[in-house]
Amino acid sequence: MIAAFAGEQMEKRIAVLPGDGIGVDVTREARKVLDAASRAGSFRLHLEEMDYGAERYLRTGETLPAKVLLGFREYDSVFMGAFGDPRVPDMKHAADILLGTRFGLDLYANVRPVRCLSDRLCPLRNYAAKDVDFVVFRENTEGLYVGMGGNFKKDTPDEVAIQEDVNTRKGVERIIRYAFEYAAKNGRKKVTMSDKSNALRFGHDLWQRVFWSVAPEFKEIEANHLYVDALTMQMVKDPRQFQVIVTCNMFGDIVTDLGAQLQGGLGMAASGNIHPGGASMFEPVHGSAPKYAGKDVANPLGAILTAAMMLDHLGLHEPARWIEGAVAECIESRECTADVGGHLGTAATGDAVARRVLAH
Ligand SMILES: NC(=O)c1ccc[n+]([C@@H]2O[C@H](COP(=O)([O-])OP(=O)(O)OC[C@H]3O[C@@H](n4cnc5c(N)ncnc54)[C@H](O)[C@@H]3O)[C@@H](O)[C@H]2O)c1
């Protein structure tokens, strides 16, 4: 890590993996905006690009070498685009790179802000942008995504497929506590935990017991519970009731796609994969959308907002606000891609944000 000393310019070293498909297109624009922010501010970013992804996997058989994964700890942060390529139908490289990084660096908090930046993007009748402003904390290292299970009598009519759902007290407690701590630090007054404990009587009963044992430590914050089916309904019915949501890995994955739609679509959604105190990884919520790859149509704003989130996490709060402000202005003036009502391509949208950041 490159240290920052009082009176000296702050420096940060970031590993950048654009990945596949539109991951490459949007990461280019996020880099452009990060460069503009560092020129406008008094900090330096060393962005070191790595080409791990489908292309390299198909060429060399390499996904993410253990040495590279361990080496991420030496960086201040990791930024990723998206992974997924039709030429790799089993997603081997994507699983190794994305899940490998999340599990390998123990990035247990997947933080996904759901914030609508313009009334024009709010899809709900009778609601405005200001009514959609909450943060989802998705448990990122356990649950149904640990890959434990197997098949019996595979490819026969008697096949049995078992997928284990792993919930540990340590894992559940740390994400719930992190969500409450975030609420306390950021002036949020309510935390909603969502599970399916009425049906999942063991794993999600643990979520219930842990949530109600941690909640009393945060007396100033209202603790609230909704089953996940009710949560999805309420997110559409009245999003104003949510400030912080904490949930398991799979439910967090699903409800944040719904959340993305409340903020203008997948192209607008940002996320961070965080291990408090350790190197963390930031990536837009969307995937590699192969049909749009290289066509200058993908919306780079989710990736750009992800870059702002990363700067905020690194203590560069002001530059993060410049970027968020510039994105909101671009949306307002329709200097953005067609999916959010604009008339620009991917690169010109990145230019428009970077110009505003430089002139902040
Ligand atoms: N974190 C990741 O890297 C990640 C996440 C989800 C999916 N994937 C992978 O990506 C590939 C494609 O998956 P998918 O089609 O289900 O999801 P996707 O997010 O790539 O795309 C779904 C649809 O959302 C829209 N969209 C997404 N991002 C956009 C953007 N930046 N600008 C404009 N429109 C955008 C497009 O209409 C697109 O067809 C698959 O291989 C999948 O496994 C990767």
Side-chain angles (χ1 to χ4, degrees), residues 16-30 32-33 50 52-58 63-64 78-103 107 110-112 117 121 123 136 138 140 145 147 249-250 252-273 280-307 309-310 327 330-331 334-350 353:
V16 178
L17 284 75
D20 308 325
I22 64 166
V24 175
D25 307 350
V26 300
T27 302
R28 193 179 299 126
E29 303 316 309
K32 195 184 275 176
V33 173
M50 304 178 182
Y52 296 102
E55 203 63 54
R56 182 161 173 156
Y57 173 59
L58 290 167
T63 56
L64 184 68
V78 180
F79 185 97
M80 293 193 184
F83 296 87
D85 186 304
R87 294 170 300 169
V88 189
D90 67 358
M91 296 283 290
K92 162 85 178 136
H93 71 297
D96 278 10
I97 297 170
L98 278 175
L99 300 181
T101 303
R102 290 177 190 167
F103 293 147
L107 306 177
N110 187 194
V111 184
R112 296 185 163 190
L117 294 178
L121 297 187
V136 178
R138 164 191 175 193
N140 213 23
Y145 291 9
N249 206 338
M250 184 168 72
D253 190 3
I254 296 168
V255 303
T256 51
D257 265 31
L258 174 56
Q261 240 18 73
L262 298 180
Q263 58 191 137
L266 270 172
M268 294 300 297
S271 86
N273 300 267
S280 294
M281 186 269 272
F282 293 80
E283 54 172 343
V285 171
H286 65 76
S288 60
K291 65 181 176 198
Y292 295 144
K295 294 191 175 146
D296 197 38
V297 295
N299 181 354
L301 296 180
I304 290 170
L305 289 168
T306 299
M309 217 180 148
M310 178 177 76
V327 168
C330 285
I331 288 285
R334 291 189 188 257
E335 287 172 272
C336 49
T337 46
D339 59 307
V340 280
H343 55 275
L344 299 182
T346 309
T349 301
V353 178

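Position 1 is the first residue of the sequence; numbering continues from there. Whatever order the structure lists them in is the order used to number ligands and atoms, beginning at 1.
For the residue pair Tyr145 and Asp253, a side-chain donor N or O sits within less than 3.5 Å of a side-chain acceptor on the partner.
At a 4.0 Å heavy-atom cut-off, the residues surrounding ligand 1 are Ile22, Ala82, Phe83, Gly84, Met91, Leu98, Leu266, Gly267, Glu283, Val285, His286, Gly287, Ser288, Ala289, Pro290, Lys291, Tyr292, Ala298, Asn299, Asp339, listed by chain and number.
Annotation: salt bridge (charged side-chain N to carboxylate O under 4.0 Å, His left out) contacts of Lys92 (sequence neighbours excluded): Asp96. Take Phe79 and apply the ring-ring contact (aromatic ring centres under 6.0 Å, His included) test, not counting sequence neighbours, and it matches no residue. With sequence neighbours excluded, the residues satisfying salt bridge (charged side-chain N to carboxylate O under 4.0 Å, His left out) with Arg56 are Asp51, Glu62.
Here the CZ-NE2 distance, from Arg334 to His343, works out to 10.0 Å after rounding to the nearest 0.5 Å. With rounding to the nearest 0.5 angstrom, the CG atom of Asp20 is 12.0 Å from the OH atom of Tyr57.
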